[in-house]
There are 2 protein chains.
Amino acid sequence: MGATKAEHFTAKQNKIAAMIKALGHPARIAIIEYLMKVNVCICGDIVNELPLSQATVSQHLKELKSAGLIKGNIEGNAICYCIDEKAINTLSEYLQAISQRITTTKNCC
Amino acid sequence: MGATKAEHFTAKQNKIAAMIKALGHPARIAIIEYLMKVNVCICGDIVNELPLSQATVSQHLKELKSAGLIKGNIEGNAICYCIDEKAINTLSEYLQAISQRITTTKNCC
DNA sequence: AATCTTTATCGTAATATTGCAATATACCGA
DNA sequence: TCGGTATATTGCAATATTACGATAAAGATT
């Protein structure tokens with residue numbers, strides 16, 4: 001035991017959970033917020049922005065990328081990262097749907 | 001090593017990351033979706049809805065609760081769970097803010 | 001009181017994540 | 001070509017998560 005029993009859930013549930021999980025770490029939140037703040041694709045200086053080693057940052061970027069939350073374009077020597085608009089929209093809409101549904105018909109608690 | 005270096009990030013980043021992390025598991029997504037679907041506070045049958053043992057479900061509920069995503073009221077013998085509207089709204093608004101910001105001024109990629 | 005039902009907790013095994021130093025890879029400019 | 005810069009990968013230790021059986025706790029029912 002110990003591994004998540006993904007086979008018991010729907011593909012959509014697993015997909016959404018994977019995207020959300022990728023966001024669920026302060027370092028990765030900080031990366032996303034930085035990319036949002038600078039508002040352009042950023043080549044290079046993400047490592048300098050974070051209080052973590054280069055290896056660790058690289059790993060976090062890899063996770064964000066494999067979850068589809070960011071994109072990385074090779075730009076000569078450096079790599080240019082930016083937020084994947086579509087992915088963030090998917091998450092945003094998912095949460096909005098829940099939010100709206102519970103707001104319109106709350107019953108107790 | 002191994003533990004998240006929470007002290008290097010802002011309180012807000014840690015808080016948001018914790019809430020998002022709590023959602024980042026298919027079982028917990030399934031719990032939230034079920035609570036949303038039935039649209040009322042549910043006493044009792046969450047365990048029967050999930051393909052996991054009672055102990056495991058109880059643990060997932062505990063995590064959702066300690067992250068503030070759900071509320072649980074003791075109702076005699078059983079416990080009545082429902083989604084915490086405020087928490088979901090917080091997450092929803094957080095993602096919407098990112099979404100809007102990157103949509104209005106995308107530059108490359 | 002004895003038992004049933006519902007939920008929580010403990011203990012434990014399996015697995016995953018986090019973080020970093022060291023190293024590798026790959027493009028760049030001199 | 002050689003060194004410099006940027007990023008990725010590997011290997012490892014520390015820690016966290018996931019899952020479940022067993023058991024506990026507490027109200028409900030008989």
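Chain letters run A, B, ... following the sequence lines, proteins first, then strands; residues in each count from 1.
- Put simply, A:His25 has a side-chain N or O that comes within less than 4.0 Å of OP1 or OP2 on C:dG19.
- Nearest nucleotide to the B:Ala3 side chain, out of D:dA16, C:dA16, C:dT18: D:dA16.
- Distance, A:Ile31 CD1 to C:dG19 P: 10 Å, rounded to whole Å.
- The phosphate of C:dC20 (OP1 or OP2) has a side-chain N or O of B:Lys5 nearer than 4.0 angstrom.
- For the pair B:Gln59 and B:Thr4, both in contact range of DNA chain C, the more 5′-proximal nearest nucleotide belongs to B:Gln59.
- Between A:Lys21 and C:dT17 there is a side-chain N or O to OP1 or OP2 distance below 4.0 Å.
- Projected onto DNA chain C by closest heavy-atom contact, A:Gly24 and B:Val47 fall at different nucleotides, the more 5' of which corresponds to B:Val47.
- Taking both residues in full, the closest heavy atoms of A:Met19 and A:Leu69 are given as O-CD1, 3.6 Å, listed atom of the first, atom of the second, then distance.
- When the C1' atom of D:dC20 is taken as reference, atom NE2 of A:His8 falls 12 Å away, rounded to whole Å.
- For the residue pair A:Asp45 and A:Tyr34, a side-chain donor N or O sits within less than 3.5 Å of a side-chain acceptor on the partner.
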Notebook entry, point to check: Hey, mind stepping through B:Tyr81 and B:Glu75 against side chain to side chain donor-acceptor pair (under 3.5 Å) and telling me if it holds?
Noted result: CA-CA 10 Å; B:Tyr81 284 109; B:Glu75 195 88 8; over 6 Å; no

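- B:Leu52 comes within contact range of the sugar-phosphate backbone alone, with a heavy-atom separation under 4.0 Å but no base atom that close.
- Distance, A:Ile79 CD1 to C:dT25 P: 16 Å, rounded to whole Å.
- When the P atom of D:dT7 is taken as reference, atom OH of A:Tyr81 falls 7 Å away, rounded to whole Å.
- Between the P atom of D:dA8 and the CG atom of A:Asn73 lies a distance of 12 Å, rounded to the nearest Å.
- To the nearest angstrom, C1' of C:dA8 lies 14 Å from CD1 of B:Ile70.
- Listed for the B:Asp84 side chain is no donor-acceptor partner under 3.5 Å among the backbone atoms of B:Lys71.
- Side-chain N or O atoms of A:Ser99 include none that pairs as donor or acceptor with a backbone N or O of A:Leu95 at under 3.5 Å.
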Next item on the list: Under the side chain to side chain contact (heavy atoms under 4.5 Å, CB included) rule, what do B:Thr103 and A:Ile88 come out as? Steps first, then yes or no, please.
Entry: CA-CA 10 Å; B:Thr103 302; A:Ile88 292 289; over 6 Å; no

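- The phosphate of C:dG19 has OP1 or OP2 within less than 4.0 Å of a side-chain N or O from A:His60.
- One can place CG of A:Leu50 at 10 Å from P of C:dG19, the figure rounded to the nearest angstrom.
- In this entry the distance linking CG of B:Leu64 with P of C:dT7 reads 15 Å, nearest Å.
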Check: Quick one: what's the B/S/- string for nucleotides 21-30 of chain D, heavy-atom cutoff under 4.0 Å, read 5' to 3'?
Finding: BB----BS--

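- Judged purely by atom type and a 3.5 angstrom limit, B:Arg28 has no side-chain atom pairing as donor or acceptor with the backbone of B:Leu61.
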